Student: 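After the structure tokens below, expect a handful of questions from me.
Values below: every heavy atom of this structure, side chains too, minus hydrogens, waters and symmetry copies. Labels below follow one simple rule: chain letters A, B, ... track the order of the sequence lines, proteins then strands, and each chain is numbered from 1. For clarity, every value in this text was computed on a predicted model and none was experimentally measured.
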There are 2 protein chains.
Amino acid sequence: MPYDPSAFPPFAVTVDLVVLTVRRHSLCALAVRRGEPPFQGRWALPGGFVRADEDLAQAAARELAEETGLRAHDPSVPVQDNGAHLEQLATYGDPKRDPRMRVVSVAHLALAPDLPAPRAGGDASNARWAPVEELLQQGGYGRDGEPVAPLAFDHAQILADGVERARSKIEYSSLATAFCPPEFTVGELRRVYEAVWGVALDPRNFHRKVTGTPGFLVPTGGTTTRQGGRPAQLFRAGGATYLNPPMLRPEV
Amino acid sequence: MPYDPSAFPPFAVTVDLVVLTVRRHSLCALAVRRGEPPFQGRWALPGGFVRADEDLAQAAARELAEETGLRAHDPSVPVQDNGAHLEQLATYGDPKRDPRMRVVSVAHLALAPDLPAPRAGGDASNARWAPVEELLQQGGYGRDGEPVAPLAFDHAQILADGVERARSKIEYSSLATAFCPPEFTVGELRRVYEAVWGVALDPRNFHRKVTGTPGFLVPTGGTTTRQGGRPAQLFRAGGATYLNPPMLRPEV
DNA sequence: GATCATAGTCGTCTGCCTGACGATAAACAC
DNA sequence: GTGTTTATCGTCAGGCAGACGACTATGATC
């Protein structure tokens, strides 16, 4: 049967990005302000149309670079400096999710170390890192007492799914290192876990666990006191992808 | 900005299904024979276009019902007889994955108990349950010595991803019960794990583990000897979704 | 410079879970 | 009855995690 355009309805396909980082002990996501309807002026996840000749992962990497300047981490290269982890999250295709037309969005999850202020088309006022709880509380009030509008489209759901993916994935993978600079201390890594999970972890047990997991951390030989206190050893992420046994998220 | 069709390239959106079941101690997937080009006569995963007014999950449930007669298991109803588990798997959008046009496929994963012979538009010769190793061995020879053509499109990759999802997910969730009939014995559940993972498990440790995990199994009071040997207690799936601690897949 | 606060690192102990495996129980086939 | 099959209970040793004590090495403060 030859190509018959009437045989299927046309869709627009976009990629949306959940870009997570840890700033000042809290898990933050990148949000951009919409400059046009629908939801003009509201915060949304960054994203855009997939181009005609582009793979989905390429489109996501392109959007990520446009919004943050980050290069996507090539999964075939285990350790790469200053590259964000990028993976496909899920696809959202409710017929009414975009009031203009039928749009299917392939959401991606990116994890990045703490970065300088974001840029959205060079306009800093239209992009920001916001704590995920703030973005997810629908119709509440932000830290400054100002009313908070929920994210545009179904982006609150997408963000929630991305956060949950990140929370569960750092349990059994070494992905938490994607939130850290190329060299980091055990304490810094622990604060990543604490921020992402929103819990306090015992520094001694955490230290024993991560240093005892083969392939997770590789000492670089250096030390730092950038966190104050006694100098701490610096590590790089090791080659291990999966943690066995996993880091257990404390129960409630 | 009004709806501007020139602002984005049009895509076709399909759903493809990885339908898994356990038959005769091996993990099998549903395959259908393609009746038209491209890949005419080759085996492929069942699937089809998403309709204009349909959600992605609805489209997947519709395709599943068309191919197998199964109703999709509503996730909000924890226990439902004879309903298959259905979840979104991943989305595949390589520009060249379909030679005819730009098609983005949202793959879904379905887990079903052992079923009578499948039907594909009523034609049994065009649908079958095949062991996943047989479908995944590219260009090899099947059990009957006949050469095996690889699956159409990128369906081998999709199937491999679905199998890996199932293998890892039964570790930390109660999803293995989706492969079982409404009432089943501990031994039947163990044989599911053994088929999906391709390993042998110790019956005594397995029994201790699953009966000791709260909420996993609920005794129905009945017994059965349908597997031969001493009568075994019958269980239903309990309300628990996540297993804590997880079932550990044996190393190597 | 003594003291304090802050982080980091090493140990210990106890309880739980797992893997290995022995032993018993209840059906069916002959 | 004897053997075979499957189910179920128990035991034991090793490993890992949570709770927590102790000590170390910095910078900050008086």
Student: Using whole Å, what does the distance between atom C1' of nucleotide C:dG15 and atom CG of A:N205 come to?
Tutor: 14 Å
Student: In this structure, how many angstroms lie between the P atom of C:dA7 and the CZ atom of A:F184, rounded?
Tutor: 19 Å
Student: Let me confirm one number: the OG-CE distance from B:S173 to B:M247, rounded to the nearest 0.5 Å.
Tutor: 11.5 Å
Student: Judged by atom type as modelled, is there a donor-acceptor pair below 3.5 Å linking the side chain of A:Q157 to the main-chain atoms of A:D154?
Tutor: no
Student: So which heavy atom on B:T220 is nearest to which on B:R236, and how close?
Tutor: CG2-CG, 3.5 Å
Student: With a 3.5 Å distance limit and no angle check, can you tell me whether A:Y193 reaches the backbone of A:I170 through a side-chain donor-acceptor pair?
Tutor: yes
Student: How many angstroms lie between CG in B:L20 and NE2 in B:H85, if you round to the nearest 0.5 Å?
Tutor: 10.5 Å
Student: I need the CE-C1' distance between A:M247 and D:dG18, as an integer number of Å.
Tutor: 12 Å
Student: Between A:D202 and B:P203, which residue's closest nucleotide on DNA chain D lies nearer the 5′ terminus?
Tutor: B:P203
Student: Roughly, in whole Å, what's the span from CZ in B:R190 to P in D:dT8?
Tutor: 10 Å
Student: Rounded to the Å, how far apart are B:E171 CD and C:dC17 P?
Tutor: 18 Å
Student: Once hydrogens and angles are ignored, does a donor-acceptor distance under 3.5 Å link the base of C:dG19 to the side chain of B:R208?
Tutor: yes
Student: Can you tell me the distance, in whole Å, between the NE2 atom of A:H207 and the C1' atom of D:dT24?
Tutor: 12 Å
Student: Given the structure, check if the side chain of B:R230 and the base of C:dA27 hold any donor-acceptor pair shorter than 3.5 Å.
Tutor: no
Student: Would you mind reading off the distance between A:N244 atom CG and D:dG15 atom P, rounded to a whole angstrom?
Tutor: 15 Å
Student: Looking across every strand, which nucleic acid part, if any, lies under 4.0 Å from B:R226 by heavy atom: base, sugar-phosphate, or nothing?
Tutor: nothing
Student: Of the nucleotides D:dA17, D:dT26, C:dT18, which has the atom closest to the A:P231 side chain?
Tutor: D:dT26
Student: What about B:R204, does its side chain sit under 3.5 Å from the base of D:dG10 through a donor-acceptor pair?
Tutor: no
Student: Does A:K209 make a side-chain N or O approach to OP1 or OP2 of D:dC16 shorter than 4.0 Å?
Tutor: no
Student: Once you round it to whole Å, what is the distance between P of C:dA7 and NE2 of A:H25?
Tutor: 8 Å
Student: When you match B:R249 and A:E188 each to their closest nucleotide on DNA chain C, which lands nearer the 5' end?
Tutor: A:E188
